[in-house]
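Only one structure is covered here, and it is reproduced in the block below.
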Amino acid sequence: MDATGERILVVSKEAQNHDSDHEYYDAISLSGAPKEVEAGQLVNVWYDGPIAESYPMQSKVGELEIVSSAQPDGSQLTEAEVLKIAIEDQSALVAVRLIAFDPASKQWQIEFIEIPQGDTFKVTIEDK
């Protein structure tokens, strides 16, 4: 969800429901990330060393794999490119609840949830 220098913020794709009233998303700030990692990319990451159990957690990248981003039929943009645009102006810590492309309108709909507060909001991005 963020990449600054050699530090990245990774937020889980799936909510971990600890109780029926609150969605919980794992989030971790990692140092030692490769320079080619960009905000919006889907990654698999393994940690190296101790983990500070703050929120978000903190640790160091042990290994990182960038996952190929989907590009729906009729879209000029990938999910990663759209997400990068959508989070540019976000100051809150957010997780993605939904990202979908509508080929008829050539628009992407992204639904975010602020974490840990739980407030949701939507962003619409025009496909180029």
Side-chain angles (χ1 to χ4, degrees):
M1 295 304 287
D2 189 25
T4 307
E6 290 186 10
R7 182 165 284 282
I8 59 173
L9 175 65
V10 178
V11 178
S12 62
K13 279 179 53 174
E14 304 290 328
Q16 312 296 319
N17 288 340
H18 289 280
D19 61 52
S20 60
D21 296 330
H22 189 260
E23 290 180 23
Y24 175 82
Y25 289 81
D26 289 325
I28 188 164
S29 178
L30 297 159
S31 63
K35 292 179 183 176
E36 64 268 12
V37 177
E38 296 181 2
Q41 290 180 312
L42 181 61
V43 297
N44 290 322
V45 66
W46 294 265
Y47 318 135
D48 182 25
I51 297 173
E53 294 185 11
S54 55
Y55 193 79
M57 297 178 292
Q58 297 178 46
S59 191
K60 181 179 174 188
V61 171
E63 186 177 334
L64 185 136
E65 170 190 26
I66 298 172
V67 179
S68 296
S69 183
Q71 183 171 7
D73 290 340
S75 173
Q76 299 298 310
L77 300 170
T78 65
E79 284 185 357
E81 291 168 330
V82 169
L83 188 53
K84 183 176 182 179
I85 293 167
I87 61 177
E88 280 180 348
D89 298 326
Q90 298 302 320
S91 58
L93 181 57
V94 295
V96 177
R97 291 183 81 195
L98 171 75
I99 184 166
F101 176 67
D102 177 16
S105 66
K106 299 268 188 210
Q107 292 183 332
W108 289 85
Q109 298 294 322
I110 303 102
E111 183 179 349
F112 290 105
I113 183 168
E114 290 185 14
I115 49 177
Q117 298 88 344
D119 298 328
T120 62
F121 62 96
K122 294 180 182 179
V123 175
T124 300
I125 304 289
E126 297 288 329
D127 196 76
K128 295 180 181 179

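All heavy atoms count here, side chains included; hydrogens, waters and symmetry mates do not. Just so we're clear, the structure is a prediction, and the values are computed from it rather than from any experiment. The residues of the chain are indexed from 1 along the displayed sequence.
Applying the under-4.5 Å side-chain rule to Ile, Leu, Val, Met, Phe, Trp and Tyr, the cluster around Leu42 extends to Val67.
If you chain together hydrophobic residues whose side chains sit under 4.5 Å apart, Val45 and Leu9 never meet in one group. Linking Ile, Leu, Val, Met, Phe, Trp and Tyr residues whenever their side-chain heavy atoms come within less than 4.5 Å places Phe112 and Leu93 in a single cluster. Ile87 and Val10 fall into different hydrophobic clusters, where Ile, Leu, Val, Met, Phe, Trp and Tyr side chains are chained together by heavy-atom contacts under 4.5 Å. Hydrophobic clustering keeps Met57 apart from Ile115 (ILVMFWY residues linked when any side-chain heavy atoms are closer than 4.5 Å, directly or through intermediates). Under a hydrophobic-cluster definition in which Ile, Leu, Val, Met, Phe, Trp and Tyr are linked whenever side-chain heavy atoms come within less than 4.5 Å, directly or via other members, Val61 and Ile51 are assigned to the same cluster.
In this structure, CG in Asp2 is found 11.5 Å from CD in Gln90, a value given to the nearest 0.5 Å. Rounding to the nearest 0.5 Å places CG of Leu98 at 8.5 Å from CD of Gln109. Atom CD of Gln58 is separated from atom CD1 of Ile28 by 8.5 Å, given to the nearest 0.5 angstrom. Between atom CD1 of residue Ile110 and atom NZ of residue Lys122 there is a gap of 11.5 Å, rounded to the nearest 0.5 Å.
Side-chain contact check for Ile125 versus Phe101: every heavy-atom pair is 4.5 Å or farther apart. Looking at Leu64 and Ile8, their side chains come closer than 4.5 Å, going by heavy atoms from C-beta outward. Looking at heavy atoms from C-beta onward, Gln41 lies out of side-chain contact with Ser69 at the 4.5 angstrom threshold.
Here the closest non-hydrogen pair linking Pro56 and Ser29 is CB-N, 4.3 Å.
Glu114 is linked by a side-chain contact (heavy atoms from CB on, under 4.5 Å) to Ala92, Val94, Gln117, Asp119, Phe121, counting only residues two or more places apart in sequence or in another chain. Looking at residues two or more places apart in sequence or on another chain, you find no side-chain hydrogen bond (donor to acceptor under 3.5 Å, both in side chains) involving Gln71. Annotation: side-chain contact (heavy atoms from CB on, under 4.5 Å) contacts of Arg97 (sequence neighbours excluded): Glu23, Tyr25, Glu111, Ile113, Thr120.
In this structure a side-chain-to-backbone donor-acceptor pair under 3.5 Å is present from Asp127 to Leu77. A donor-acceptor pair under 3.5 Å links the side-chain atoms of Thr78 to the main chain of Glu81, judged by distance alone. A donor-acceptor pair under 3.5 Å is formed between the side chain of Ser59 and the backbone N or O of Pro50.
Among pairs with a residue in residues 36-80, those fulfilling ring pair (Phe, Tyr, Trp, His ring centres under 6.0 Å) read Tyr24-Tyr55, at least two apart in sequence or across chains. The salt bridge (Lys or Arg N to Asp or Glu O under 4.0 Å) pairs that include a residue from residues 27-51 are Glu38-Lys84, where partners are two or more places apart or lie in different chains.
Shown here is Glu14, whose CD atom has no more than 12 heavy atoms of other residues, nucleotides or ligands within 6.0 Å.
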